[in-house]
Amino acid sequence: MTLTLIEVHDRLANTVLLYLLAMTLWGWWRFLRRRGVDGSYWGALVIVELVLIVQGGLGGFLWLQGIRPARSIHVLYGVMSILALPTAYAYTRGRGERAEMLLYSVVALILIGLVLRAMMTGG
């Protein structure tokens with residue numbers, strides 16, 4: 001069975017959604033245990049950012065091939081998803097204390113909303 005690029009794009013969105021759910025729950029758990037951002041969580045943040053970039057690149061490739069989403073706002077959701085974590089990192093200046101743990105878990109929750117909206121508008 002071969003997947004089309006559209007199917008890969010769709011399934012990657014599901015993967016990102018589940019990954020972000022895990023990141024949100026993990027972040028809240030760490031925050032409630034009075035922990036900051038550790039090396040494992042930093043690594044997980046980098047992984048989700050890289051997957052979001054790949055997802056956006058695949059979407060851009062589909063766009064160039066003439067395959068457009070059902071609604072144009074889909075592109076905005078994708079761009080905002082890619083920019084969310086680097087923006088949070090710039091805001092916190094890379095600190096990893098308990099307050100930053102809460103911020104990153106809230107950003108992951110917001111990203112869940114962005115990914116869901118992107119999935120709804122992608123068609």
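Note that the coordinates shown come from a computational prediction; the quantities given were computed from them, not determined experimentally.
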Using the test ring pair (Phe, Tyr, Trp, His ring centres under 6.0 Å), find all partners of F31 that sit at least two apart in sequence or belong to another chain. none

Contacts satisfying salt bridge (Lys or Arg N to Asp or Glu O under 4.0 Å) that involve residues 96-107 (not counting sequence neighbours) are R95-E100

Looking at residues at least two apart in the chain, or sitting in another chain, which of them share a ring pair (Phe, Tyr, Trp, His ring centres under 6.0 Å) with W29? none

Does one hydrophobic cluster hold both L111 and L58, with members joined at side-chain heavy-atom distances below 4.5 Å? no

Pairs flagged by salt bridge (Lys or Arg N to Asp or Glu O under 4.0 Å) wherever residues 35-44 is involved - sequence neighbours left out: R30-D38

According to a hydrophobic-cluster definition based on side-chain heavy atoms being under 4.5 Å apart (Ile, Leu, Val, Met, Phe, Trp, Tyr only), do Y77 and V75 belong together? no

May I ask whether L32 and V107 are part of the same hydrophobic cluster, defined by side-chain heavy atoms of I, L, V, M, F, W, Y residues being less than 4.5 angstrom apart, directly or through others? yes

Sequence neighbours excluded, which residues qualify as salt bridge (Lys or Arg N to Asp or Glu O under 4.0 Å) partners of D10? none

Could you grab the distance from atom CG of L85 to atom CG of L20, nearest 0.5 Å is fine? 7.5 Å

Give me the atom names and distance for the closest heavy-atom approach of A13 to M119. CB-CG, 4.0 Å

I would like to know whether E7 and T4 meet side-chain contact (heavy atoms from CB on, under 4.5 Å); could you show each step before the answer? CA-CA 5 Å; E7 290 171 327; T4 67; 3.3 Å; yes

Using the test side chain to side chain contact (heavy atoms under 4.5 Å, CB included), find all partners of S72 that sit at least two apart in sequence or belong to another chain. none

List, by chain and number, the other hydrophobic cluster members for L18, where Ile, Leu, Val, Met, Phe, Trp and Tyr join if side-chain heavy atoms come within less than 4.5 Å, directly or indirectly. none

What about V106 and L116, same hydrophobic cluster or not, with Ile/Leu/Val/Met/Phe/Trp/Tyr joined at side-chain heavy-atom distances under 4.5 Å? yes

Using the rule that two of Ile, Leu, Val, Met, Phe, Trp, Tyr join whenever any of their side-chain heavy atoms come within less than 4.5 Å, decide whether L25 and L103 are in one cluster. yes

Contacts satisfying side-chain hydrogen bond (donor to acceptor under 3.5 Å, both in side chains) that involve residues 18-28 (not counting sequence neighbours) are W28-S105

Could you go through residues 61-71 and list every donor-acceptor pair under 3.5 Å that involves a side-chain atom there, pairing it with any protein atom two or more places apart or in another chain?
residue : atom : partner : partner atom : Å
R68     : NE   : W63     : O            : 3.1
R68     : NH2  : W63     : O            : 3.0

What side-chain donor-acceptor pairs closer than 3.5 Å can you find for residues 40-57, not counting sequence neighbours?
residue : atom : partner : partner atom : Å
Y41     : OH   : M23     : O            : 2.9
Q55     : OE1  : H9      : ND1          : 3.4
Q55     : NE2  : H9      : O            : 2.9

N/O donor to acceptor pairs below 3.5 angstrom from side-chain atoms of residues 86-93, sequence neighbours left out:
residue : atom : partner : partner atom : Å
T87     : OG1  : L83     : O            : 2.7
T92     : OG1  : A88     : O            : 3.2
T92     : OG1  : Y89     : O            : 3.2
T92     : OG1  : G94     : N            : 3.4
T92     : OG1  : Y104    : OH           : 3.2

